[in-house]
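Values in this document were obtained by computation on a predicted structure and should not be read as measured data.
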Amino acid sequence: MDYLFDMPTDFKVYKIKRDKSSGSQPAHTHPYYEIFYLINGDCTFFIDHNIYKLNRGDLIIVPQGELHKSSFPQHGSSERYVLCFKESNLKWLNDIVGPDFVKESLSTGVISIPDKRRDYVEALMNKMIFENEGQDILSPAFIRTGLIELVLFIIRCRRYEENVIKELDVDNQLMQQIATYIYENYDKKLSLEDMSDKFHISRSYLSKKFKAVTGFGFKEYIVNVRIKNACRLLLETNKSITDIAFECGFNDSNYFGDAFRHVKGVSPNKYRKNKEAI
C-alpha cells in the first residue's frame, strides 16, 4: 500500500527498532522527501533501479516520488531513523542557495557518515524526535532549524567531502542491469521469458535471484515502475486514463485500474482529482 495520504503534517521523524520477527518494508512512493539513517545492523535498499547495501552509519536520501523498498536479513536486528518532510520545509534554504542547488544536492544517493560525525547526526535526529513530541510553542522552530542543519550537513558531505558517497552493490550487477532495463523500457512487453533470453539466464534463476536481491517479485517490480510513471502522467497531462494505461505498458485498462488501486490505495481517477493533496 502506498503512503500517499499517511503524512497529514509536513514533518515526521521516527526511531525504529527491528527484531528478528519484523518484516521488510513494502515498496512505495510518497510525495515528500525521506532520509533513512541506519544506526546499526544491515539492510538492502532498492530505489528505482539501484541496489545499495547499507551498513552502520549509512544515510540514504529518497526524493519525492521515487519508488523504493528496504529489506532486512531474516536473522539479526537493526535500528534506524526515518525522517520525512515536505519540500515546503526547505523554502528558507532555497531562498539562500537556490532551489536548483538544493534539489540537486538532495537527489538519490547514499552517504557513509564518517565515524567521527555519527554522534553529531544521531544527536540531531534525537533532538528532532524530542521536539516533535511537542515540548512547547518553540518546538516547531527547533524542528525546522534541526532539519535545515541536517540538510546542510548532507549537502556539505555530498559536495565537499571525499570518500563518503557509497557506490552501488557491485556483487549484484546483473540484477542491477535487469532492473535498469525494466526501468527504462517499462512501456514495452516485459516477460520473464524475454528477460531470461536477453540476459542469458534461466527463468527460475532470474525469478529467485531478482526477488532475493531487490526485495521485489519480477512482475511486482514491473507493475510498480509502470504505476510510478502512470502517476506522473495522471498529474502532468490531460491524457485519458485508458491512453495512460497503454502508454505505460498495460494492455488492459481494467487491469491497470485494479493494479493502480492495489499499489496506490485509490483509483487512477481519484488520484488525479486529489492532485492538490499530493
* To do: Verify ring pair (Phe, Tyr, Trp, His ring centres under 6.0 Å) between Phe85 and Tyr33, making sure each step is shown before the conclusion.
  => CA-CA 5 Å; Phe85 60 95; Tyr33 283 97; 5.4 Å; yes

* **Gap separating the CG atom of Asn224 from the CD1 atom of Ile222, nearest 0.5 angstrom** => 10.5 Å

* So His30 and His28, would you call those rings parallel, tilted or perpendicular, with 30° and 60° as cut-offs? -> tilted

* Asked: Does the Thr237 side chain pair with the main chain of Leu233, one donor and one acceptor, at a distance under 3.5 Å?
  -> yes

* So, do Leu147 and Val13 sit near enough that their side-chain heavy atoms are less than 4.5 Å apart? -> no

* **4.5 Å side-chain heavy-atom contact, Asp58 and Asn55** => yes

* Asked: How about Leu235 and Cys231: do any of their side-chain heavy atoms sit closer than 4.5 Å?
  -> no

* Would you say the side-chain atoms of Asp252 pair up with the backbone N or O of Tyr255, donor to acceptor, closer than 3.5 Å? -> yes

* Does Met125 reach the side chain of Ile35, with side-chain heavy atoms less than 4.5 Å apart? -> yes

* Are any of the side-chain nitrogens in Lys15 or Glu122 under 4.0 Å away from the carboxylate oxygens of its partner? -> no

* Asked: How about Asp95: does its CG atom have over 12 heavy atoms from other parts shown lying under 6.0 Å from it?
  -> yes

* Does Arg158 use its side chain to pair, donor to acceptor, with the backbone of Ser107 at less than 3.5 Å? -> yes

* **Heavy-atom donor-acceptor pair, Asn89 side chain to Lys86 backbone, under 3.5 Å** => yes

* Structure fact -> Between the SG atom in Cys157 and the CG atom in Leu152, the distance rounded to the nearest 0.5 Å is 11.0 Å

* Given side chains that start at C-beta, do those of Phe216 and Ile182 come closer than 4.5 Å, heavy atoms only? -> no

* Asked: Under a 4.5 Å cut-off applied to non-hydrogen side-chain atoms, are Leu106 and Leu90 in contact?
  -> yes

* Asked: Tell me, do Met175 and Leu206 make a side-chain contact under 4.5 Å, heavy atoms counted?
  -> yes

* Structure fact -> Nearest heavy-atom approach of Lys69 to Thr214 is CD-O, 4.0 Å

* Asked: What is the distance from atom CZ of Phe36 to atom CZ of Arg80, rounded to the nearest 0.5 Å?
  -> 5.0 Å

* **Phe46: which of Tyr221, Tyr52, Tyr183 passes ring pair (Phe, Tyr, Trp, His ring centres under 6.0 Å)** => Tyr221

* Asked: With a cut-off of 6.0 Å (strictly less than), are more than 12 heavy atoms of other residues, nucleotides or ligands near CZ of Arg156?
  -> no

* To do: Could you tell me whether a side-chain N or O of Arg226 sits under 3.5 Å from a main-chain N or O of Tyr186, the two making a donor and an acceptor?
  => yes

* To do: Say whether Asn126 and Tyr81, considering side chains only, have a donor N or O and an acceptor N or O under 3.5 Å apart.
  => yes

* Parallel, tilted or perpendicular: rings of Phe210 and Phe218 (30°, 60°) -> perpendicular

* To do: Flag the pair Ile155 / Val97 as yes when at least one side-chain heavy-atom distance between them is below 4.5 Å, and no otherwise.
  => no

* Measure from the side-chain N and O atoms of Ser196 to the backbone N and O of Glu193, and report whether any donor-acceptor pair falls under 3.5 Å. => yes

